[in-house]
K.L.:
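Got a structure here, written out as structure tokens. Questions coming.
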Amino acid sequence: MNFTEPEERVALRAAVAELGKKYGHEYYARQARAGLKTEELWAEAGRLGYLGVNLPEEYGGGGAGIADLAAVLEELAAAGSPLLLMVVSPAICGTVISRFGTDEQKKRWLPGIADGSRRMVFAITEPDAGSNSHKITTTAQRDGGDWVLSGRKVYISGVDEADAVLVVGRTEDSKTGKLKPALFIVPTDAPGFEYKQIEMDLISPEKQFGLFLDDVHLPADALVGEEDAAIAQLFAGLNPERIMGASFSLGIARYALAKAVAYANERKVWGGAPIGSHQGLAHPLAEIKIELELAKLMTQKAASLYDSGDDFGAGESANMAKYAAAEVAIRAVDQAVQTHGGNGLASEYGLGTLVTAVRLGRIAPVSREMVLNFVGQHSLGLPRSY
């Protein structure tokens with residue numbers, strides 16, 4: 001077992017970190033507060049090949065794995081510019097299409113996803129289903145050789161920036177009459193497809209939306225993969241989502257910790273010694289460093305398992321990584337604010353915008369409680385509790 005990243009990934013991290021510094025958190029926060037997107041950063045990351053490192057080379061990607069894409073997101077977040085749509089466009093949608101899409105779907109979508117010129121977002125959550133994907137009611141019915149899709153989705157990120165949405169719906173089994181999950185590519189300009197922004201107390205360039213699908217007619221090739229294999233196809237996208245969610249949190253934790261350490265080394269009160277010399281500040285920061293490194297190791301383990309083809313093993317590790325990274329990100333931002341005192345919530349210091357951003361990590365893409373349910377049932381063998 002090797003705990004040292006390959007030279008190629010180390011070099012990738014260094015290059016992405018330089019790009020991140022070029023923009024930084026000031027750019028990110030300024031764009032978000034003005035209601036603007038991080039188009040310049042997204043476009044440059046795409047041109048440099050960073051957005052598609054996990055996608056096949058024959059479709060414009062880098063031919064690497066989710067571990068490398070996770071490293072890209074972590075470094076951008078550590079520079080203060082976390083790109084949420086990396087979680088959904090190249091990680092979830094790009095992965096699902098590259099693994100299960102037809103040749104035509106791959107040719108149509110993957111090159112644009114890889115270079116950032118096209119975006120696809122992901123829609124699974126519904127108002128009355130929450131974390132229970134078995135309760136999804138968005139339904140696709142056959143119309144000759146085509147499909148008609150109807151239903152609602154909620155808290156879908158970046159729909160206003162997307163060319164299409166990968167929608168998790170259900171089809172009816174002709175033999176049993178039961179509904180089974182299926183994945184459909186729905187263009188955002190399709191008749192019957194509408195979306196409405198959900199106002200959030202979250203300072204982020206990426207917005208959240210509710211979707212309304214009213215008899216959206218789709219061609220036969222809108223279906224991704226096989227109807228009967230949709231569960232496997234769905235989880236092929238959800239494991240990268242958790243790994244990328246962990247990397248998102250890890251990067252923000254690194255950013256906050258670095259800000260806190262720099263301030264603790266510079267700020268002098270009570271006799272002139274830097275405030276970082278006091279254990280009341282030094283010990284919490286040291287604890288965060290330890291927890292951050294542990295969460296990072298689990299994230300790397302999850303990515304390694306996924307890239308090796310071990311979907312089940314990756315599922316356990318990805319859930320644990322997402323849990324651990326979210327918790328340390330919350331602690332890191334909170335302690336960074338505390339270290340700065342009143343300055344911690346001043347716009348000049350770039351921490352206040354992250355308070356709600358890291359709190360989101362306990363909720364999405366899967367809640368803290370559902371991760372604990374998974375670990376209790378599958379890792380510990382305890383009776384199912386929900």
Side-chain angles (χ1 to χ4, degrees), residues 5-28 31-32 36-99 106 109-122 157-158 161-163 204-206 237 239-255 296 299-300 302-304 306-307 325:
E5 289 189 313
E7 290 183 10
E8 294 84 357
R9 192 177 306 148
V10 173
L12 175 65
R13 283 185 180 275
V16 175
E18 285 301 312
L19 175 64
K21 289 176 185 176
K22 178 179 175 181
Y23 290 89
H25 189 66
E26 184 177 343
Y27 159 81
Y28 180 89
Q31 297 295 103
L36 303 174
K37 309 300 182 184
T38 50
E39 288 287 351
E40 299 87 353
L41 173 55
W42 182 272
E44 187 164 357
R47 286 196 303 271
L48 293 171
Y50 300 150
L51 299 180
V53 293
N54 64 311
L55 300 177
E57 290 183 272
E58 59 264 41
Y59 299 105
I66 203 68
D68 294 281
L69 188 68
V72 171
L73 179 57
E74 182 188 332
E75 293 303 325
L76 290 175
S81 291
L83 295 179
L84 179 60
L85 288 192
M86 283 190 65
V87 178
V88 289
S89 192
I92 302 176
C93 301
T95 296
V96 169
I97 292 173
S98 64
R99 286 185 62 173
K106 293 175 184 177
W109 292 105
L110 292 182
I113 291 174
D115 67 18
S117 61
R118 305 191 82 180
R119 296 179 181 91
M120 185 182 294
V121 297
F122 182 67
S157 303
E161 303 177 60
D163 300 282
S204 171
E206 298 91 359
N239 281 336
E241 181 185 39
R242 285 151 174 70
I243 293 166
M244 292 292 284
S247 298
F248 186 95
S249 294
L250 285 174
I252 296 177
R254 285 174 52 195
Y255 173 84
K296 186 171 181 177
T299 304
Q300 291 172 331
S304 178
Y306 183 83
D307 287 336

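Predicted model only: the values in this text are computed from it and were never measured.
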K.L.:
Heavy atoms only: give me the nearest Lys106-Ile97 pair and the separation to one decimal.
P.N.:
CE-O, 3.5 Å

K.L.:
Given 3.5 Å as the limit, does a donor-acceptor pair link the side chain of Ser81 with the main chain of Gly24, or not?
P.N.:
yes

K.L.:
Could you check whether Glu74 pairs with Arg13 (Lys NZ or Arg NE/NH1/NH2 to Asp/Glu carboxylate O, under 4.0 Å)?
P.N.:
yes

K.L.:
Are Ile66 and Asn239 close enough, and set up right, to give a side-chain contact (heavy atoms from CB on, under 4.5 Å), and what steps lead you there?
P.N.:
CA-CA 10 Å; Ile66 203 68; Asn239 281 336; over 6 Å; no

K.L.:
Where the side chain of Ser304 meets the backbone of Gln300, is there a donor-acceptor pair that is under 3.5 Å apart?
P.N.:
no

K.L.:
Would you sort out whether Thr299 and Ile243 count as a side-chain contact (heavy atoms from CB on, under 4.5 Å), showing the intermediate values?
P.N.:
CA-CA 6 Å; Thr299 304; Ile243 293 166; 4.3 Å; yes

K.L.:
Which distance, rounded to the nearest 0.5 Å, do you find between the CD1 of Ile113 and the OG1 of Thr95?
P.N.:
9.5 Å

K.L.:
Output, in order, the C-alpha distance, side-chain angles, deciding distance and verdict of side-chain contact (heavy atoms from CB on, under 4.5 Å) for Tyr255 and His25.
P.N.:
CA-CA 9 Å; Tyr255 173 84; His25 189 66; 3.3 Å; yes

K.L.:
For Glu58, is the CD atom crowded, meaning more than 12 foreign heavy atoms sit under 6.0 Å from it?
P.N.:
yes

K.L.:
Using the salt bridge (Lys or Arg N to Asp or Glu O under 4.0 Å) definition, which of the options Arg9, Arg254, Lys21 pairs with Glu75?
P.N.:
Arg254

K.L.:
Working to the nearest 0.5 Å, report the span between CD of Gln31 and OG of Ser204.
P.N.:
12.0 Å

K.L.:
Out of curiosity, Met244 CE to Ser89 OG, how far, rounded to the nearest 0.5 Å?
P.N.:
10.0 Å

K.L.:
To the nearest 0.5 Å, how far apart are CG in Leu73 and OG in Ser247?
P.N.:
6.0 Å

K.L.:
Check whether Asn54 reaches the backbone of Pro90 with its side chain - one donor and one acceptor, N or O, closer than 3.5 Å.
P.N.:
yes

K.L.:
Given side-chain contact (heavy atoms from CB on, under 4.5 Å), test Val87 with Phe122 step by step and report yes or no.
P.N.:
CA-CA 9 Å; Val87 178; Phe122 182 67; over 6 Å; no

